[in-house]
Amino acid sequence: MSALETGLPKWVLSHRLLVIALSVLCVYVLGYGTTKLAFDTSYRVIFSEDNPELLAFERIEETYIKDDNVQLIIAPQDGDIFTRKTLEIIEGLTNEAWQTPFSNRVDSITNFQFTEAEEDDLIVCDMVKNATDLSDKALLKVKQEVLAEPTILGRLISRQGHVSAINVTVQLSPEERTDATQKIMAHVRQMAAEVREQHPDISTYITGMVPYDQAFLESAVYDSSVLFPIALALMVICLALLAGGFFGTLVTVLVIFMSVVAAMGAGGHLGFPLTGSSTSVPIIILTVAVANAVHVLVTFNHEYRKNRDKHSAMFESLRVNLQPVMLASVTTAIGFMTMNFSEVPPFQHLGTQVAVGVLMSFLLTISFLPALLTMMPVKPPKEASGQGTW
């Protein structure tokens with residue numbers, strides 16, 4: 001190990017341009033896999049292909065029908081669905097719901113096919129039609145008939161009659177599921193927004209399997225666009241103030257970025273989809289990459305402050321930190337690789353991608369970081385007053 005601790009730093013610092021070029025090339029090859037990444041918003045992604053519950057569910061779908069749904073819930077503040085105004089809103093929304101992309105069926109209490117007998121004739125019609133023209137007696141009859149119908153009670157209308165639902169059944173193929181989900185949700189949310197704007201006394205809610213899938217996508221996008229930048233900004237501020245200075249911070253950010261790109265690209269090469277779990281990969285890699293870089297930067301600054309030249313200070317930093325940083329990175333990677341024993345595929349993907357990112361951050365920390373940092377006009381840091389005491 002002692003030969004590696006002296007030989008590797010010497011080689012890295014003697015071939016800095018080659019090290020930088022090889023690092024960039026390696027990250028590019030791995031990172032190219034990001035072009036193959038695509039979001040999978042289906043709930044099925046959290047089950048393995050041989051999951052018994054999923055297989056049983058698929059047999060049911062093959063026997064009957066494969067469909068998904070989205071429900072728009074109507075809840076008037078007065079707690080009574082059976083008013084002319086509320087029934088008119090439900091009737092209008094039922095007609096509008098047919099315009100939902102990929103829809104093939106719409107069910108509500110207004111278009112439920114009600115059958116009644118008149119002498120020898122059976123009359124089949126919508127449960128509610130032209131709600132604004134209903135008399136008080138007709139409203140009472142509708143309420144009695146709806147609450148007495150077992151096929152819609154507890155499904156399209158609450159037993160208390162204070163909440164009702166418009167259920168839209170959609171047909172989605174696996175190839176178009178992600179795009180279709182967004183189009184469906186955009187249409188239904190627009191319907192709900194119009195109700196809230198025109199009728200402030202009517203509360204609306206959206207539920208169903210399609211919103212459930214959309215939530216996976218939106219939570220992943222939120223984590224990627226909000227949480228990761230916040231974590232990165234805080235890390236950069238702390239690093240700049242406590243360890244790296246401007247150039248050290250800049251190189252560390254590059255190491256973080258390259259490690260994340262390599263990890264996500266490796267997932268693309270392996271055929272992993274983007275899921276809610278995937279959004280944790282950059283934050284975990286960020287934490288480990290910063291820890292690796294801080295070890296090297298702190299020792300480098302300490303040695304550089306002793307009036308050593310940059311090369312000698314970096315050589316000593318790599319010599320001292322190579323073994324502990326390698327041990328920490330390898331054991332961390334092994335720990336995350338054990339997530340492949342999980343029955344949940346997204347957790348398996350998370351473990352593999354983080355392991356790749358951790359190992360890449362280690363390799364970049366002992367090669368790319370020292371090679372690039374020693375080529376920059378880094379000045380010896382000044383010891384702040386009282387720093388020695390602290």
Side-chain angles (χ1 to χ4, degrees), residues 1 23 26-40 44-51 216-217 219-232 234-236 238-239 252-296 321-369:
M1 188 67 185
S23 299
C26 181
V27 172
Y28 176 80
V29 171
L30 285 174
Y32 186 76
T34 57
T35 60
K36 305 176 183 179
L37 292 174
F39 271 103
D40 188 344
R44 295 171 183 264
V45 74
I46 64 177
F47 299 100
S48 60
E49 293 181 356
D50 58 351
N51 181 275
F216 275 110
L217 175 62
S219 64
V221 171
Y222 175 84
D223 288 348
S224 300
S225 60
V226 178
L227 295 185
F228 180 70
I230 291 175
L232 179 61
L234 292 176
M235 289 284 190
V236 167
C238 293
L239 186 64
T252 302
V253 171
L254 289 176
V255 169
I256 294 170
F257 175 76
M258 294 168 73
S259 301
V260 170
V261 169
M264 300 304 290
H269 285 304
L270 293 171
F272 296 166
L274 288 175
T275 62
S277 300
S278 302
T279 57
S280 301
V281 172
I283 296 178
I284 298 172
I285 295 174
L286 161 67
T287 306
V288 177
V290 167
N292 289 340
V294 164
H295 282 85
V296 174
N321 290 293
L322 180 60
Q323 183 175 349
V325 170
M326 180 174 66
L327 181 63
S329 298
V330 171
T331 53
T332 300
I334 293 173
F336 276 100
M337 284 300 292
T338 60
M339 295 183 70
N340 282 275
F341 292 104
S342 170
E343 294 184 0
V344 182
F347 290 167
Q348 300 172 10
H349 305 160
L350 170 68
T352 300
Q353 288 178 282
V354 171
V356 171
V358 168
L359 293 177
M360 181 56 66
S361 72
F362 162 69
L363 294 175
L364 293 173
T365 300
I366 65 171
S367 59
F368 177 81
L369 185 148

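Excluded from the calculations below are hydrogen atoms, water molecules and symmetry mates; all remaining heavy atoms, backbone and side chain alike, are included.
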Could you give the side-chain donor-acceptor pairs of residues 219-231 under 3.5 Å, partners two or more places apart or in another chain?
residue, atom, partner, partner atom, Å
Ser219, OG, Ala215, O, 3.0
Ser219, OG, Phe216, O, 3.0
Asp223, OD2, Thr279, OG1, 3.3
Ser224, OG, Ala220, O, 3.0
Ser225, OG, Val221, O, 2.7

Tell me, please, which residues at least two apart from Tyr28 pass side chain to side chain contact (heavy atoms under 4.5 Å, CB included). Tyr32
Which distance, rounded to the nearest 0.5 Å, do you find between the CG of Asp40 and the CG of Leu217? 10.5 Å
How long is the span from the CE atom in Met326 to the CG atom in Leu359, to the nearest 0.5 Å? 11.5 Å
Measure the spacing between CD1 of Ile283 and CD1 of Ile256 and express it to the nearest 0.5 Å. 12.0 Å
Take Ile284 and Phe336 through the test side chain to side chain contact (heavy atoms under 4.5 Å, CB included) and record every step on the way to the result. CA-CA 11 Å; Ile284 298 172; Phe336 276 100; 3.6 Å; yes
Pairing residues for Leu327 by the side chain to side chain contact (heavy atoms under 4.5 Å, CB included) criterion, not counting sequence neighbours: Thr331
Thr352: partners by side chain to side chain donor-acceptor pair (under 3.5 Å), with sequence neighbours left out: Asn340
Which atom pairs, one a donor and one an acceptor, fall under 3.5 Å between side chains of residues 343-350 and the rest of the protein, sequence neighbours left out?
residue, atom, partner, partner atom, Å
Gln348, NE2, Ser342, O, 2.5
His349, ND1, Pro345, O, 3.4

His269 to Gly33 - nearest heavy-atom pair and separation: NE2-N, 3.3 Å
Could you check Met258 against Cys26 for side chain to side chain contact (heavy atoms under 4.5 Å, CB included), going step by step and ending with a plain yes or no? CA-CA 10 Å; Met258 294 168 73; Cys26 181; over 6 Å; no
Side-chain touch Phe368/Val27, heavy atoms, less than 4.5 angstrom: no
Nearest heavy-atom contact between Gly31 and Thr34 is O-OG1, 2.6 Å
Atom pairs and distances, donor-acceptor, side-chain atoms in residues 260-268, under 3.5 Å, two or more places apart:
none

What I'd like to find out is whether the side chain of Leu322 reaches to under 4.5 Å of the side chain of Phe362, using heavy atoms alone. yes
Restricting to non-hydrogen atoms, name the atom on Met339 and the atom on Gly351 that form the minimum distance, rounded to 0.1 Å. SD-CA, 3.9 Å
Any idea which heavy atoms bring Thr365 and Val296 closest together, and the distance? CG2-CG2, 3.6 Å
According to the side chain to side chain donor-acceptor pair (under 3.5 Å) rule, which pairs have a member within residues 281-296, sequence neighbours left out? Asn292-Ser329, Asn292-Ser361
In Å, rounded to the nearest 0.5 Å, how long is the span from CG of Leu270 to CD of Gln353? 8.0 Å
Can you tell me how far apart OG1 (Thr252) and CG (Leu364) are? Round to the nearest 0.5 Å. 11.0 Å
In this structure, CD1 of Ile366 is separated from CG of Asn321 (nearest 0.5 Å) by 11.0 Å
